[in-house]
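Just follow the structure's listing: the first ligand is 1, and inside any ligand the first atom is 1.
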Amino acid sequence: MQVPLLDLKLQYAPLRNLIQARIAEVCDSQIFCLGPKVVELETALAEYCGSPFVFGTSSGTDAQLVILMAAGVGPGDAVITTPYTFFATAGCIARVGAIPIFADIDPATYNLDPVKVREYLETRCHHDADGALVNEAGLTLKMIIPVHLFGCCAEMNAFRAIGEEYKLHVMEDAAQSIGAEYKFADGTVGRSGSMTESSYFSFYPTKNLGAFGDAGMVTCRDAGLAARIDALRNHGMAPRYYHSLIGGNFRMDAIQAVVLQAKLPYLDEWSVARHDNAARYRSLFTEAGLLEHITLPVEPHAGHDLKHHHIYNQYVIRTQRRDELKAHLQAQRIGCEIYYPLSLHEQECFLWLGNKKGDFPESERAADETLALPIFPELTVAQQEVVVAAVRSFFS
Ligand SMILES: *Cc1c(COP(=O)(O)O)cnc(C)c1O
């Protein structure tokens, strides 16, 4: 039996008529860029994630870019993030002229390790005569961008504390984590996209809430920042054809907005189905006696009474024989993928930053050992059994 890594046709089939009718409305309206359908989606998502200001954008990447621009991050600045994430997280930092500073990950969750971030700030940075936080190279520290990788929130309690202590803007990269929840030490529950100063989602088709093309969303808390984002998203234009800021075309289009609005009511049940699939993998892999060979994803926020403590955008296992296992699964037509095979500090385009192999050992080890298995909501028990049997046949 063939098991795809993801089969979007299964999600589309029951929603086909609804979505096609909504797209037809956009066609009839002939209003395609921003407009009332985008505003409707923004309103729904503001409520969904609990964030006061929400802006639809052309992609997740553009959402991150426009936040960095609006926050005034640029040449002479540095932003701390993880080397183990999709490229965009660090790419956008460099695109605005700032320097990405990497800190290593927690090997259990693969998320940016707040201990490593604090260590960097304590040992490699100081406050200059004007009170600015600068590093050894004289760059001004502006932001920290933790990524809620694979759908599991980073340790936001610690990041919030570091942000407050060092007066750094914390931006959540929530591209893979829409709907994920987190419980703070004071008992309050945060939702991905609303826990810090700013955040962004991606609606790339393979994300848990996927568009029919590229789309993304900015969320933020501060009205001033929100006003700049709103303007920058549309060439800094306000009023029409008058430009006080240099922005870009980061507009969401109405067809993506209606597709996302049609899917949004189902998002929570899809997340629950993904989580149920993860629970089933755990029992199947345990019964198969495979836990000495592979490491399953951890659920650090389980047991906190949260329904969506992990939304499993990806189900990622690890093994030292990863490349062989991947080849074995692919030969049996089981979809699997490596997220991500090379840490960002080792990417060719970032070598000039001066990092080298060995600088972020946990990230490098994860890049060598992780493998994503099918976890999509419509995955059947029989398909999961096939996946587990194939993993077992590899190790036996
Ligand atoms: C998908 C993704 C992005 C970029 O989003 P796009 O919509 O593809 O531009 C950024 N960061 C992470 C972690 C992602 O997974």
Just list the side-chain donor-acceptor pairs under 3.5 Å for residues 136-146, sequence neighbours left out, or say none.
unit_1	atom_1	unit_2	atom_2	d
E136	OE1	R124	NE	2.9
E136	OE1	R124	NH2	3.3
E136	OE2	R124	NE	3.2
K142	NZ	D77	OD1	3.2
K142	NZ	D77	OD2	2.8

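Checked for salt-bridge contact, R321 and E324 meet the test: a charged N lies under 4.0 Å from a carboxylate O.
Taking the six-membered ring where the residue is Trp, Y315 and F285 present parallel rings, their angle staying beneath 30° rather than reaching 60°.
Checked by atom type, the side-chain pair Y84/T370 shows a donor-acceptor distance below 3.5 Å. Neither side chain, N111 nor D106, offers a donor N or O lying under 3.5 Å from an acceptor on the other. Side-chain atoms of Y12 and Q20 include a donor-acceptor pair closer than 3.5 Å.
At a heavy-atom cutoff of 4.0 Å, ligand 1 is surrounded by S59, G60, T61, T85, F86, A88, T89, V147, D173, A175, Q176, Y200, S202, Y204, K207, A215.
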